[in-house]
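Count residues from 1 along the sequence.
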Amino acid sequence: MKRIKSIYRFLVLTGCIVMTSCSNYLDIQPVGKVIPNTLEEYRALMTTAYSQDLLDRSVCDMRTKDITIKKDNIDLNNYGDIEKWINNSTSAREFGWLDYYENIYYANAIIDKQDEITEGSEQDINQLVGEAYLMRGYMHFLLVNFYGQPYTKEGAPKTKSIPLKLTLDLEEIPSRNTVEEVYTSILEDIESARNLITKKEWELGYNYRFNTLSVDAFEARVRLYKGEWQLAYDAAERVLKQKATLEDYNNPDAKANLYTSVESITAYERIYEPTSTLDASKATQSFVDMFSEGDLRPIRYFGEKDNKVDYYPIIKTNGSVDYKCSFRVGELYLNSAEAAARLGHLPEARNRLLQLMEKRYNPEKYELKKNEINEMNQESLISEILDERARELAFEGHRWFDLRRTTRPRIEKTLYSGQTIILEQNDERYTLRIPQSAIEANPNLSN
């Protein structure tokens, strides 16, 4: 917490740097120093949180069977132990901790001072405070899925995970809350946001901000992770009733994960960064093999295979801010389909899955897939939906979380070096260890 305290002292004693969004997407420029007081100044504080790069989900992709690290000394030093699931590495890149709690601090500052914000309409102030609640909930959600056991694992809700931070009290030395307590708080923040956010859609260049659709999209994801299928289905359908347009990959220019895409709901996170996680990551042959002939996505996802080894460069994202994506329509189709299938509502599940597939396969392949899916029983349909999630949401930061929340399968993986490594089913390493630097700053985290 030492870094957070220094930030607090800077904000209180010397003021914060006001930032404004310029014409380029997320082009943030400092324009002066003030103590936050007006709506504009508190909006600048929220923009600071939105502009924080959070790359840990792309690092977690390295722990799946889909990605391996290229044979480069720097990349292997930074990420080699991570893809081998070594939790006590002394050389590998440390997973994030403070960045998430910094964003929580900014959110708490806005929530705590909401009645003191001046020079803004009540609606605009409420909108900002609602975004702060959703930011706080989202940061806790990411943290609990890195460092807490998966909610759906037997007994996991009562286990310790990460500390909730819901106040500005920086003298507090927080202890770890249970997985259940964290999820309860997340859902409470979602409801607070629902009561305050009124903006349905932001204009391009500002659509990194949360909106009314973000609230239900986030709830759908949280409910899915909790295994609350009816509530997940209901939340996903609330979004799709308002925004259901999909990019059609039969159009060669279509890209679903661009911030300019018709599917974009919230273009907040940049999951991959070009000179670090993207450059180090290569797609494996086994992952490419999940895409059948007639699927229109591989040409958008993978570059030409290296002739010397069976690995592929990732081209679905170039790591730029153009590919910022936290919530988009395609995920909501899959959330709805999975929840319906698990409820045994197979016609509804097939309908949502096929609506997505029609935009992702050429017409001939789609007809074959439609016939196959219409013949599937519940178990086969759920398996197909999960495979489709792996394909559709590739390199958007979902894969590791999906493996954790479902079956935590056995992973047998061949590295770029040719070495084969194995992660057993339900292995404890599906949950990350809290970073050592965080434990050294707060010994309560070790308990």
Side-chain angles (χ1 to χ4, degrees), residues 54-71 75-76 78-87 89 92-93 95-96 142 145-150 152-153 221 224-225 257 269 271-273 276-291 295 297-298 301-303 305 309-317 319 325 331 334 338 383-433:
L54 305 173
L55 303 176
D56 287 325
R57 288 201 288 156
S58 63
V59 179
C60 281
D61 278 351
M62 299 171 181
R63 299 169 66 86
T64 72
K65 193 177 180 180
D66 308 345
I67 296 291
T68 191
I69 306 306
K70 72 176 184 180
K71 193 175 182 181
D75 291 331
L76 289 173
N78 287 337
Y79 305 112
D81 285 351
I82 289 172
E83 78 162 329
K84 297 175 185 176
W85 315 292
I86 296 173
N87 279 337
S89 174
R93 170 198 183 275
F95 280 89
L142 294 177
N145 278 284
F146 291 134
Y147 303 111
Q149 291 189 30
T152 50
K153 183 178 179 180
R221 192 184 294 178
L224 199 75
Y225 279 45
N257 59 317
E269 295 162 278
I271 303 299
Y272 278 80
E273 197 280 328
S276 58
T277 55
L278 180 59
D279 184 60
S281 300
K282 300 294 181 183
T284 62
Q285 183 69 55
S286 63
F287 184 51
V288 175
D289 289 344
M290 288 187 68
F291 297 80
D295 191 323
R297 288 168 292 201
Y301 286 15
F302 312 112
K305 181 173 69 172
V309 288
D310 289 334
Y311 301 108
Y312 297 74
I314 298 167
I315 61 171
K316 183 181 180 181
T317 174
C325 180
E331 181 198 351
L334 291 163
E338 182 183 344
S383 179
E384 179 68 20
I385 291 167
L386 294 179
D387 283 348
E388 192 63 19
R389 284 185 69 90
R391 291 185 284 262
E392 174 64 18
L393 303 177
F395 318 127
E396 294 180 38
H398 294 271
R399 184 61 164 153
W400 179 251
F401 281 7
D402 274 347
L403 293 175
R404 279 171 37 86
R405 72 174 178 85
T406 54
T407 60
R408 296 167 295 283
R410 183 180 187 270
I411 297 176
E412 183 173 326
K413 179 176 180 178
T414 301
L415 305 181
Y416 205 95
S417 64
Q419 176 188 2
T420 298
I421 57 175
I422 295 173
L423 184 73
E424 297 295 347
Q425 185 171 22
N426 278 319
D427 196 293
E428 63 180 13
R429 289 171 292 177
Y430 268 105
T431 298
L432 302 180
R433 290 180 58 184

| message | Per the salt bridge (Lys or Arg N to Asp or Glu O under 4.0 Å) rule, what does the pair list look like for residues 423-432, sequence neighbours excluded? | response |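 Qualifying pairs, neighbours excluded: R410-E424, D427-R429.
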
| query | Can you check whether F95 and Y147 have ring centres sitting under 6.0 Å from each other? | reply |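 They do not qualify: ring centres at least 6.0 Å apart.
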
| query | Quick check, are the ring centers of W400 and Y430 under 6.0 angstrom apart? | reply |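 Aromatic pair counts; centres sit under 6.0 Å.
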
State the [atom1]-[atom2] distance between [X] and [Y], to the nearest 0.5 angstrom.
| X | Y | atom1 | atom2 | value |
| --- | --- | --- | --- | --- |
| I271 | T317 | CD1 | OG1 | 9.0 Å |
| R297 | M290 | CZ | CE | 9.5 Å |
| L432 | C60 | CG | SG | 5.0 Å |
| Y79 | K70 | OH | NZ | 10.5 Å |
| L415 | Y311 | CG | OH | 7.0 Å |
| F302 | I315 | CZ | CD1 | 9.0 Å |

Under 3.5 Å side-chain donor-acceptor pair for [X] and [Y]:
| X | Y | answer |
| --- | --- | --- |
| R404 | T431 | yes |
| E83 | T68 | yes |
| R408 | N426 | yes |

Taking NZ, NE, NH1 and NH2 as the nitrogens, is one of them in [X] or [Y] under 4.0 Å from a carboxylate oxygen of the other?
| X | Y | result |
| --- | --- | --- |
| R389 | E396 | no |
| K282 | D66 | no |
| K65 | E412 | no |

Between [X] and [Y], what is the shortest heavy-atom contact and its length?
| X | Y | value |
| --- | --- | --- |
| F291 | P298 | CB-CG, 3.5 Å |
| N257 | K316 | ND2-O, 3.5 Å |
| I411 | R63 | CD1-O, 3.9 Å |
| L55 | S58 | O-OG, 2.7 Å |

| Please walk me through it: do Y225 and N145 pass side chain to side chain contact (heavy atoms under 4.5 Å, CB included)? | CA-CA 9 Å; Y225 279 45; N145 278 284; 3.4 Å; yes

| query | Is there a side-chain contact between L334 and E388 (heavy atoms, below 4.5 Å)? | reply |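 The answer is yes, as the side chains (C-beta and beyond) meet within the 4.5 Å cut-off.
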
| said: Quick one: does any side-chain atom of T64 pair with a main-chain N or O of D61 as donor and acceptor, under 3.5 Å? | reply: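 Looks like yes, one N/O pair under 3.5 Å.
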
| query | Y312: what forms a ring-ring contact (aromatic ring centres under 6.0 Å, His included) with it, not counting sequence neighbours? | reply |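 For Y312 there are no ring-ring contact (aromatic ring centres under 6.0 Å, His included) partners, ignoring immediate neighbours.
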
| field | Non-neighbouring partners of F146 that pass ring-ring contact (aromatic ring centres under 6.0 Å, His included), sequence neighbours left out | value |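 Per chain and number, F146 pairs via ring-ring contact (aromatic ring centres under 6.0 Å, His included) with Y100, F401.
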
| message | Using the side-chain hydrogen bond (donor to acceptor under 3.5 Å, both in side chains) definition, which of the options N78, D56, D81, D75 pairs with R93? | response |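 Option passing the side-chain hydrogen bond (donor to acceptor under 3.5 Å, both in side chains) with R93: D56.
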
| task | May I ask you to check whether over 12 heavy atoms, not counting those of K153, lie within 6.0 Å of atom NZ? | result |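 Correct, the count exceeds 12.
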
